Amino acid sequence: MPVHGADMPQERLELRITDAVDPGPDTLLNAGKSAQAPDEQARLIAVEQVRLLYLNTATAQVVTLFNGMVLAAVQSTALGHRPALIWMALIGMVGAVRIAMTLAYKKTKLDVANAVYWRNLFFFGAGLAGAAWGAAGFLLFPPDSFAHQLFLAFVLGGMMAGAIGTMVSWFPAFAIFSILTALPAVARFLMHGDSMHYAMAWMILLFLVAMLLIGHRVYRTITETFRLRFENKALIDDLTRAKKRTDRLNNELMAAQNGLRRSNEELENRVAERTSELSRANEELEKFAYVASHDLQEPLRTVANFSQLLEERYTDKLDKDGREFIGYIHSGARHMRTLVDDLLAYSRLGAKALSLSEVDCEKVLCEVLEDLKMAVQESAAEIAHDPLPVLRADAGQIRQLFANLLSNAIKFRSAEPLRIHVGATRQGDDWIFSVRDNGIGINPKYYTQIFGMYERLHSMSQYPGTGIGLALCKKIVEEYHGRIWVDSEEGRGSAFHFSIPCAGQ
Ligand code: ADP
C-alpha cells in the first residue's frame with residue numbers, strides 16, 4: 001500500500017520549506033526596497049508632467065487669442081490699426097503652431113519613450129508664445145499714453161500669472177515663456193528714460209522674479225507629488241507581490257503539512273497493525289510453548305522414573321558401558337525436565353493473570369534459600385541481606401526472581417569463597433533490589449545479550465543451564481513496569497539489579 005505522504009517527493013518538500021524560510025526579494029521584509037531606479041522614476045514623472053502640460057493647452061489658446069484681441073483693440077486706439085494687426089497676425093501664427101502641436105500630441109500614445117520629445121516640443125511652443133507676447137512690449141507700446149502703457153504691463157503680467165496654471169508642471173517651459181514675455185517690456189520701459197518708467201520697468205522685473213520663484217516652488221511641489229505617488233505605487237506593488245508570495249508559500253507549507261500528517265497517520269496505522277499482528281503471533285507462540293512443555297512433562301517423568309528404576313534395580317546386571325548409558329539417559333532427562341519447567345514457567349507468565357497480595361520479600365528470600373539449601377551448603381556460600389520490604393506483588397514471581405538470581409550467583413562462583421549479598425533500597429516510587437556475588441563476572445559487552453531467551457555464555461559441560469532464567473526475570477520485572485540490569489566485570493563478581501514500583505503493578 002503506498003504511503004500517501006510519499007506522494008510528495010522529498011526533494012520538492014525540502015525545497016519548498018527552504019523557500020519558506022529564505023526571505024526572497026519579494027517578501028514582506030523587502031517590501032518597498034525594490035522601488036524604481038531613479039532613471040525609471042524620472043521617466044514616469046516626465047510622462048505625468050507632459051500629460052498635465054497638454055491638458056489645458058486648448059483652453060489656454062482660446063484665452064490667449066481673446067486676451068490678444070482685447071490688448072490689440074485697446075492699444076490700437078492709441079497706436080492705430082497697423083501695429084495691432086501685425087501683432088495679432090503674429091499671435092495667430094504662434095497660436096496655430098501650438099494648436100497643431102496639441103492636435104499631433106492628442107493623436108499619439110504618450111509613453112515613457114516619447115514623453116521627453118513632447119515635453120521639448122511644448123518648451124519650444126512656450127518659447128514661441130513668450131516671444132510673441134514679448135513682441136507686444138515693443139509693438140503695442142504707445143509712447144504718449146501712460147494709461148495704455150499701464151494696460152500693456154497689466155496684460156503681460158496677467159499672461160505670466162496665468163501661465164503658472166498651464167505651464168508650471170515643466171518649469172523650464174514656464175520660465176522661457178515668462179522671461180521672453182517680460183524682458184522686452186522691461187527694456188522698452190527703461191528706454192523711455194524717466195523715473196516713472198524706470199520704476200515701471202523695475203516693477204515688471206520684480207514681478208517676473210516673484211513669478212519665477214513661485215512657479216519654481218509650485219513645480220517642485222508637483223514633481224514631489226508625482227514622485228511620492230510612484231513610490232507609493234511601487235511600495236503597494238511590492239507589498240502585493242510579497243503577500244501573494246507569502247500566500248503561495250503558506251499554501252505550499254499547508255499542503256506539505258497535510259502530506260506529512262497523512263503519511264504520519266498511515267505510518268501509525270501500519271505500526272498499530274504490525275504491533276497487533278506481532279502480539280497475536282507472540283500469544284500464539286507462548287500458547288504453543290505452554291502446551292508443548294506441559295504435554296512433555298508426563299512422558300519426561302516416565303523416562304526419568306524408569307531410567308532411575310533401571311539404575312537402582314539393574315546396575316549389577318549391566319556392564320560398565322550399560323551403567324554409563326543409563327547415567328546419560330538419567331542426566332539428559334534431568335536437563336530436559338529443567339528446560340521444560342523453565343519453558344513452562346516462562347510461557348505461564350503471559351498466560352496467567354497476576355495474583356497480587358502483600359508479599360514479604362524477606363520471608364520469600366528465606367523460603368528460596370531453604371529450597372537452595374543443598375547448593376548453598378555445597379558451595380559454602382556466605383549469604384547476607386539488607387532488611388527487605390513488603391510489596392504488593394505476585395508472590396510466586398518474586399520467588400522466581402530471587403531463585404533464578406541466587407542460583408546463578410551460586411552456579412557461576414569462582415575459586416574464591418563465595419559471598420552473596422541481597423540488598424534493597426528505595427528510590428522515589430521504586431524499590432531497587434540487588435543480588436551481588438563475587439563470582440566469575442561478565443564481560444560488559446554481554447550486558448544486554450544475557451537477558452535474551454536461550455542466551456548463555458558457557459557450554460553445558462562448564463555450567464549446566466537452559467539460558468531461560470534471566471529472560472524469565474526480565475519478563476517478570478517488565479510486568480511490573482520495572483527494569484533489570486547488570487553491573488559486572490570478568491573475574492570481579494556481578495551485581496544484578498531490578499526495580500519494582502513500591503505500589504506493585
Ligand atoms: P542459565 O543460568 O541457565 O545459563 P540464565 O538466563 O540464568 O541462563 O543466564 C544467562 C547467562 O548469563 C548465563 O549462562 C551466564 O553466562 C550469565 N550469568 C547469569 N548470572 C550470572 C552470574 N551471577 N555470574 C556470572 N554470569 C552469570
Side-chain angles (χ1 to χ4, degrees), residues 285-286 289 293 296 300 331-350 364-365 368-369 371-372 374-386 396-424 432-479 482-499:
L285 228 116
E286 280 178 3
S293 44
L296 275 175
L300 196 58
S331 81
R334 235 187 1 252
H335 175 65
M336 199 155 165
R337 195 166 176 171
T338 331
L339 189 68
V340 166
D341 284 350
D342 284 357
L343 254 178
L344 204 60
Y346 188 87
S347 49
R348 253 190 208 133
L349 261 184
V364 172
L365 179 68
V368 170
L369 289 176
D371 289 350
L372 296 174
M374 292 275 288
V376 174
Q377 277 170 4
E378 205 183 299
S379 59
E382 200 180 285
I383 303 179
H385 67 87
D386 291 343
Q397 291 184 343
I398 302 296
R399 195 190 170 97
Q400 229 155 13
L401 271 171
F402 281 136
N404 284 336
L405 296 177
L406 284 167
S407 59
N408 276 352
I410 296 172
K411 183 163 55 175
F412 297 105
R413 63 184 179 270
S414 63
E416 276 180 50
L418 176 60
R419 281 195 315 277
I420 300 174
H421 183 91
V422 180
I432 312 288
F433 290 87
S434 60
V435 177
R436 196 180 294 274
D437 63 53
N438 60 345
I440 60 171
I442 300 166
N443 186 324
K445 68 179 174 191
Y446 300 119
Y447 278 2
T448 319
Q449 190 184 324
I450 53 170
F451 292 100
M453 218 25 194
Y454 311 118
E455 294 290 354
R456 312 197 65 243
L457 306 179
H458 310 277
S459 69
M460 282 290 289
S461 55
Q462 280 178 293
Y463 297 97
T466 59
I468 297 176
L470 287 180
L472 186 74
C473 293
K474 184 166 184 273
K475 200 167 172 193
I476 293 175
V477 168
E478 282 173 357
E479 284 215 13
R483 54 189 202 95
I484 184 164
W485 69 102
V486 64
D487 273 334
S488 181
E489 256 180 71
E490 262 175 320
R492 312 193 72 173
S494 317
F496 282 85
H497 309 275
F498 61 90
S499 66

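In each ligand, atom 1 is the first atom listed, and ligand 1 is the first ligand listed. The model shown is predicted, which means the values in this text are computed figures rather than measured ones.
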Participant: Checking a contact table here: which protein heavy atom is nearest atom 19 (C) of ligand 1, and how many Å away?
Facilitator: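 Scanning the protein heavy atoms, the shortest distance from atom 19 (C) of ligand 1 goes to Asn408 ND2, 3.5 Å.
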Participant: Do Ile440 and Arg413 come close enough that some side-chain heavy atom pair is under 4.5 Å?
Facilitator: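 The answer is no; the side chains never approach within 4.5 Å.
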Participant: Less than 3.5 Å between some nitrogen or oxygen of Ile442 and one of ligand 1, yes or no?
Facilitator: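 No: no nitrogen or oxygen of Ile442 is under 3.5 Å from one in ligand 1.
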Participant: Which of the numbered atoms in ligand 1 are under 4.0 angstrom from any heavy atom belonging to Leu470?
Facilitator: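 It comes down to these atoms of ligand 1: 5 (P), 6 (O), 7 (O), 9 (O), 10 (C), 12 (O), 19 (C).
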Participant: Look up atom CZ in Arg337 and atom CZ in Arg334, then write down how far apart they are to the nearest 0.5 Å.
Facilitator: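 Reported to 0.5 Å precision, the distance equals 10.5 Å.
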Participant: Consider every N or O of Asp437 and every N or O of ligand 1, then say whether any pair is closer than 3.5 Å.
Facilitator: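 Yes, Asp437 has an N/O under 3.5 Å of an N/O on ligand 1.
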Participant: Report the relative orientation of the aromatic rings in Phe412 and Tyr463; use parallel for angles under 30°, tilted for 30 to 60°, perpendicular for over 60°.
Facilitator: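 Phe412 and Tyr463: tilted rings.
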Participant: If we only consider heavy atoms of Phe496, is any one of them less than 4.0 Å away from an atom in ligand 1?
Facilitator: yes
Participant: Taking atom CD of Glu378 and atom CG of Leu372, what is their separation to the nearest 0.5 Å?
Facilitator: 11.5 Å
Participant: Number the atoms of ligand 1 from 1 as they appear, then name those within less than 4.0 Å of a heavy atom of Glu455, with their elements.
Facilitator: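 In order of number, 10 (C), 11 (C).
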Participant: Which atoms of ligand 1 have any heavy atom of Lys411 under 4.0 Å away?
Facilitator: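 Selected atoms, number and element: 1 (P), 2 (O), 3 (O).
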Participant: Specify the closest pair of heavy atoms between Met460 and Gly465, including all atoms of both residues, with the distance to one decimal.
Facilitator: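 So the minimum-distance heavy-atom pair works out to SD-O, 3.2 Å.
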Participant: With nothing but distance in play, are any N or O atoms of Gly467 less than 3.5 Å from an N or O of ligand 1?
Facilitator: yes
Participant: What atoms of ligand 1 come closer than 4.0 angstrom to any heavy atom of Gly469?
Facilitator: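 Taking each heavy atom of Gly469 in turn, ligand 1 has 5 (P), 6 (O), 7 (O) under 4.0 Å.
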Participant: What protein heavy atom sits nearest atom 15 (C) of ligand 1, and how far away is it?
Facilitator: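 Heavy-atom neighbour on the protein nearest atom 15 (C) of ligand 1: Phe412 CZ, 3.3 Å.
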Participant: In Å and rounded to the nearest 0.5 Å, what is the CD1 to CD1 distance from Ile410 to Ile420?
Facilitator: 5.0 Å
Participant: Starting from atom 4 (O) of ligand 1, find the nearest protein heavy-atom neighbour and note its residue, name and distance.
Facilitator: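 Heavy-atom neighbour on the protein nearest atom 4 (O) of ligand 1: Arg456 NE, 2.8 Å.
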Participant: Can you list the atoms of ligand 1 that are under 4.0 Å from a heavy atom of His458?
Facilitator: 16 (O)
Participant: Check Lys474 against Ile484 and note the closest heavy-atom contact, atom names and distance.
Facilitator: CA-CG2, 3.8 Å
Participant: At their closest point, which heavy atom of Ile442 faces which heavy atom of Tyr447, and how far apart are they?
Facilitator: O-CE1, 4.2 Å
Participant: Say whether Gly439 and ligand 1 are in contact under the criterion: heavy-atom distance to a ligand atom below 4.0 Å.
Facilitator: no
Participant: If we only count heavy atoms from C-beta on, is the Thr466 to Tyr454 side-chain gap below 4.5 Å?
Facilitator: no
Participant: Among all protein non-hydrogen atoms, which one is nearest to atom 17 (C) of ligand 1, and what is the separation to 0.1 Å?
Facilitator: Ile450 CG2, 4.2 Å
Participant: Shortest non-hydrogen contact from Val368 to Ala403?
Facilitator: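 Reported closest heavy-atom pair: CG1-CA, 3.6 Å.
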Participant: Numbering the atoms of ligand 1 from 1, which are under 4.0 Å from a heavy atom of Gly465?
Facilitator: 3 (O)
Participant: Which atoms of ligand 1 have any heavy atom of Leu457 under 4.0 Å away?
Facilitator: 14 (O), 16 (O)
